[in-house]
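Encoded as structure tokens, the structure appears first; notes follow it.
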Amino acid sequence: MNIQHPLKAFTLALLLISTTAAVQAATATAVFAGGCFWCIEKDFEALPGVVAVESGYTAGKTTNPTYESVSAGGTGHTEAVRVIYDPAKVSYPQLVEYFWRHIDPTVKDRQFCDVGSQYRSGIYWGNETERQVIESSRDALIKSGRFKTIHTELAGASPFYLAEDYHQDYYKKNTVRYNYYRLSCGRDARVKELWK
């Protein structure tokens, strides 16, 4: 009977738990809504320092919303992403600045070809420091004269509900359909026009 084998397995399990805990402790999360979550998920996943991006729903009035209920417009939610990032590689203010340059903040209750409050843009803070970063960033944009009005919702975080599995990494799973949607929606052309 080899008594060391169970001990090795136990040691390996402890190592795995401590490694997972260390990774979780080294990351932070941020929530953004930028219209179609497929698109904003892809944009954020291209940013160095971002560990993962999850599509979902937030800022609504019902629990456990589904894509069908949110897209119908009756839940108050907006399509959003939860960005998991490494603060040692990318800061929260950098995430906010990156976000602005991937949306159209000048429109209310829509983004590009998607119309309705479920496609409104938003930044949802998790603490007072984040609130100050967001509001300062918005105020600086207005002061710059680039935009007269910014309709992006700025609010405290509320429950974030993961979207259905088929929405996660949609741009990877359905490349042709995704690329056609993004092009026909005019997202990149409008972003380029706004931000040059």
Side-chain angles (χ1 to χ4, degrees), residues 23-45 47 49-87 90-112 114-142 147 149-171 187:
V23 168
Q24 289 174 341
T27 60
T29 60
V31 177
F32 301 93
C36 171
F37 47 31
W38 301 339
C39 296
I40 204 73
E41 177 183 347
K42 181 181 186 292
D43 291 341
F44 269 113
E45 286 191 348
L47 181 64
V50 169
V51 176
V53 184
E54 301 168 314
S55 289
Y57 316 106
T58 198
K61 58 189 181 208
T62 63
T63 56
N64 301 314
T66 63
Y67 180 71
E68 290 73 23
S69 64
V70 172
S71 61
T75 69
H77 292 89
T78 185
E79 287 192 12
V81 293
R82 179 166 50 198
V83 178
I84 302 156
Y85 67 100
D86 181 349
V90 62
S91 69
Y92 186 76
Q94 287 173 317
L95 291 175
V96 171
E97 291 305 311
Y98 184 83
F99 170 74
W100 286 125
R101 282 157 180 74
H102 288 84
I103 65 160
D104 180 351
T106 69
V107 293
K108 183 174 175 57
D109 291 337
R110 71 175 298 161
Q111 280 295 290
F112 314 103
D114 294 313
V115 180
S117 66
Q118 66 271 36
Y119 298 109
R120 69 189 182 274
S121 61
I123 310 175
Y124 304 97
W125 68 77
N127 56 51
E128 180 62 18
T129 301
E130 290 180 358
R131 183 188 69 78
Q132 290 174 6
V133 166
I134 295 164
E135 292 180 353
S136 294
S137 179
R138 178 210 48 205
D139 294 348
L141 275 178
I142 293 172
F147 307 118
T149 306
I150 290 178
H151 290 286
T152 300
E153 179 176 58
L154 308 182
S158 59
F160 181 90
Y161 299 96
L162 280 176
E164 295 78 354
D165 285 345
Y166 70 92
H167 287 298
Q168 308 301 329
D169 291 320
Y170 187 87
Y171 73 97
R187 186 180 189 106

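Keep in mind it's a predicted model, so treat the numbers as computed, not measured.
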If only atom types and distance count, is the side chain of R110 paired as donor or acceptor with the main-chain N or O of F112 below 3.5 Å?
yes
Are S137 and E97 close enough that some pair of their side-chain heavy atoms sits under 4.5 Å apart?
yes
Pairs satisfying ring-ring contact (aromatic ring centres under 6.0 Å, His included), at least one member in residues 57-85, at least two apart:
F37-Y57, Y67-H167, H77-Y161
Taking all non-hydrogen atoms of both residues, which atom of D104 and which atom of V107 are closest, and how far apart?
O-CG2, 3.5 Å
As an exercise, state the distance from OG1 of T106 to CG of L141, rounded to the nearest 0.5 Å.
11.5 Å
Nearest heavy-atom contact between A28 and P87 is CB-CG, 3.9 Å
Salt bridge between E45 and K42, side-chain N to carboxylate O under 4.0 Å?
no
Out of V50, V90, I40, which one pairs with V83 under the side-chain contact (heavy atoms from CB on, under 4.5 Å) rule?
V50
Which value, rounded to the nearest 0.5 Å, describes the distance between T152 atom OG1 and F147 atom CZ?
9.0 Å
Roughly how far, to the nearest 0.5 Å, is the CD1 atom of I134 from the CG atom of D139?
11.5 Å
Taking A33's backbone N and O only, do any of them form a donor-acceptor pair with S121's side chain (distance below 3.5 Å, no angle check)?
no
Considering non-hydrogen atoms only, spot the tightest contact between W38 and Y171 and give its length.
O-CD2, 4.3 Å
Output yes when a side-chain donor or acceptor of E41 lies under 3.5 Å from a complementary backbone atom of D169, and no otherwise.
yes
Test item: T78 side-chain N/O and Q118 main-chain N/O as donor-acceptor pair under 3.5 Å
yes
Side chains of W125 and V133: does their closest heavy-atom pair fall under 4.5 Å?
no
Is it true that F160 and Y124 have ring centroids separated by less than 6.0 Å?
no
Could you grab the distance from atom OH of Y170 to atom SG of C39, nearest 0.5 Å is fine?
10.5 Å
Could you walk me through whether L47 and L95 pass the side-chain contact (heavy atoms from CB on, under 4.5 Å) check?
CA-CA 9 Å; L47 181 64; L95 291 175; 3.6 Å; yes
T66 (side chain) donor-acceptor with S69 (main chain) under 3.5 angstrom:
yes
Tell me the closest heavy-atom pair linking A59 and S158, and the distance in Å.
N-OG, 3.1 Å
To the nearest 0.5 Å, atom OG1 of T75 lies from atom CG of N64 at 11.5 Å
When rounded to the nearest 0.5 angstrom, what is the spacing between CD in Q168 and CG in D165?
6.5 Å
Step-by-step side-chain contact (heavy atoms from CB on, under 4.5 Å) determination, T129 to Y92:
CA-CA 10 Å; T129 301; Y92 186 76; over 6 Å; no
So do the side chains of D43 and F99 get within less than 4.5 Å of each other, counting heavy atoms only?
no
Is a donor on one side and an acceptor on the other found under 3.5 Å between the side chain of R120 and the backbone of S117?
yes
Please, which pairs that meet salt bridge (charged side-chain N to carboxylate O under 4.0 Å, His left out) have at least one residue in residues 60-81, sequence neighbours excluded?
none
